[in-house]
Amino acid sequence: MIEILNPTRLARAKDTGALVADILHTLKGRSTVGTNLLDIDRWAKAMIVEAGAQSCYVDYAPSFGRGPFGHYICTAVNDAVLHGRPYDYKLADGDLLTLDLAVSTGGVAADAAISFIVGDARPPESVALINATERALAAGIAAAGPGARIGDISHAIGTVLSEAGYSINTEFGGHGIGSTMHQDPHVSNTGRPGRGYKLRPGLLLALEPWVMADTAELVTDADGWTLRSATGCRTAHSEHTIAITDDGAEILTLPK
């Protein structure tokens, strides 16, 4: 289903996006050397509940996962890139951590992800990975607007990632979002311009470039959820929810 939001529901989407952004910003500040991933999950739950919002993850049970996710946030460390299920692990200096969060308020969802390095270390490979996904996300957003097509966004994202030297996996990518977290249209992280669904004002999209340092192959962890690089290399993932407007794309998941 492709959902187009009216102005009232778009206003709710902005509120949801701001909440997602503020929670991620707070969690990033708390994620220091020695922080346990399970503590991050507990903090996320507390902030979601306090805001009167609903988690899009805790009861989520799609075909590619093993039963309900059971947690309130995805925490992916180093070689984990997507759907990272929190577990008993304390962050170390130099770890590359991705936090991915989706919540719903007022019947409208928003989804965002940030990757960052924990502590004082700055491994060059990790910095490059994060920068590439952030640049690709910015390029995808710039390509989005009324009259553009999904392929224009995919092409913009893929160009940045491939020029940075990364292989692109097309199993998972961006997606429509609205009353539910995952909707059509699918937004691949590479594609041909001028192809695909024509963007309309009121459409919400979650754009999410992600890469692995030296492979495009994923493996599923024993938890049935966490997706890791097949070679054990590091990974990064950046995501915003945007709204297509008459003037272009508005980012809904920026911190206040």
Side-chain angles (χ1 to χ4, degrees), residues 2-5 10 13-14 17 20-21 24 76 81-82 98 100 102 109-116 125-178 181-216 218 227 229 234-255:
I2 295 178
E3 187 175 5
I4 302 298
L5 275 64
L10 181 57
K14 292 179 181 180
V20 168
L24 286 176
V81 64
L82 298 173
T98 297
D100 189 352
D111 190 0
I114 54 173
S115 288
F116 56 94
E125 178 189 74
S126 298
V127 173
L129 283 163
I130 294 168
N131 287 345
T133 61
E134 290 177 346
R135 294 197 317 273
L137 180 56
I141 294 169
R149 294 185 179 271
I150 291 296
D152 298 324
I153 299 173
S154 298
H155 177 73
I157 290 171
T159 297
V160 172
L161 297 181
S162 60
E163 287 181 351
Y166 300 113
S167 301
I168 300 171
N169 178 293
T170 57
E171 295 174 77
F172 296 92
H175 50 89
I177 187 169
M181 174 174 58
H182 285 146
Q183 299 180 351
D184 291 331
H186 174 71
V187 187
S188 175
N189 284 327
T190 186
R192 297 175 63 183
R195 300 296 182 94
Y197 180 77
K198 189 174 183 179
L199 307 184
R200 295 168 53 193
L203 175 70
L204 298 189
L205 295 173
L207 307 183
E208 46 183 316
W210 59 275
V211 289
M212 301 177 281
D214 62 17
T215 184
L218 292 167
L227 296 177
S229 63
R234 287 199 166 192
T235 69
H237 174 198
S238 296
E239 179 179 15
H240 274 309
T241 294
I242 64 171
I244 306 303
T245 73
D246 291 326
D247 301 318
E250 179 179 357
I251 303 173
L252 304 185
T253 45
L254 289 174

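Atoms considered below: every heavy atom in the structure, side chains included; atoms not considered: hydrogens, waters and symmetry mates. The residues of the chain are indexed from 1 along the displayed sequence.
Residues G173 and H186 share a closest heavy-atom pair of N-CE1, 3.6 Å. Closest heavy-atom contact between A206 and I177: N-CG2, 4.2 Å. When all heavy atoms of A13 and L5 are compared, the pair lying nearest together is CB-CD2, 4.1 Å. Heavy-atom minimum distance, A113 versus L24: N-CD1, 4.2 Å. In plain terms, the two heavy atoms of L161 and A132 that are nearest each other are CD2-O, 3.8 Å. Of all heavy-atom pairs between L203 and P185, the closest is CD1-CD, 4.3 Å.
For the atom pair CG of L204 and CD1 of I244, the computed distance is 8.5 Å after rounding to the nearest 0.5 Å. Taken from NE2 in H240 to OG1 in T253, the straight-line distance is 5.0 Å, to the nearest 0.5 Å.
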For I242 and E250, run side chain to side chain contact (heavy atoms under 4.5 Å, CB included): C-alpha distance rounded to whole Å, both residues' side-chain angles, the deciding distance at 0.1 Å, then the answer.
CA-CA 5 Å; I242 64 171; E250 179 179 357; over 6 Å; no
Checking V81 against T98 for the side chain to side chain contact (heavy atoms under 4.5 Å, CB included) test, could you report, in this order, the C-alpha distance in whole Å, the side-chain angles of both residues, the deciding distance, and whether it holds?
CA-CA 7 Å; V81 64; T98 297; over 6 Å; no
Applying side chain to side chain contact (heavy atoms under 4.5 Å, CB included) to M212 and R234, what does each step give before you reach the verdict?
CA-CA 6 Å; M212 301 177 281; R234 287 199 166 192; over 6 Å; no
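I157 places none of its side-chain heavy atoms less than 4.5 Å from the side chain of T190. Using a 4.5 Å heavy-atom cutoff, the side chains of D184 and E3 are not in contact. The shortest distance between side-chain heavy atoms of F172 and N189 does not fall below 4.5 Å. Residues D111 and V20 are not in side-chain contact: their nearest non-hydrogen atoms beyond the backbone lie 4.5 Å or more apart. Using a 4.5 Å heavy-atom cutoff, the side chains of L199 and I153 are in contact. Within the 4.5 Å cutoff, side-chain heavy atoms of V211 are placed close to those of L129. Looking at N169 and W210, their side chains come closer than 4.5 Å, going by heavy atoms from C-beta outward. A 4.5 Å side-chain heavy-atom check between L205 and V187 finds at least one atom pair inside the cut-off.
Remark: A143 pairs with A156 by the side chain to side chain contact (heavy atoms under 4.5 Å, CB included) rule, at least two apart or across chains. Remark: R200 engages I4, Y197 in a side chain to side chain contact (heavy atoms under 4.5 Å, CB included) (not counting sequence neighbours). With sequence neighbours left out, the side chain to side chain contact (heavy atoms under 4.5 Å, CB included) criterion links E163 to T159. Residues meeting the side-chain hydrogen bond (donor to acceptor under 3.5 Å, both in side chains) test with E208, sequence neighbours left out: H175, H237. Every residue two or more places apart in sequence or in another chain that forms a side chain to side chain contact (heavy atoms under 4.5 Å, CB included) with D214 is listed here: T231, C233.
Side-chain N or O atoms of S188 include none that pairs as donor or acceptor with a backbone N or O of G191 at under 3.5 Å. No donor-acceptor pair under 3.5 Å is formed between the side chain of T241 and the backbone N or O of A110.
For the side chain to side chain donor-acceptor pair (under 3.5 Å) condition, the pairs that include at least one residue of residues 128-151, sequence neighbours left out, are T133-S238.
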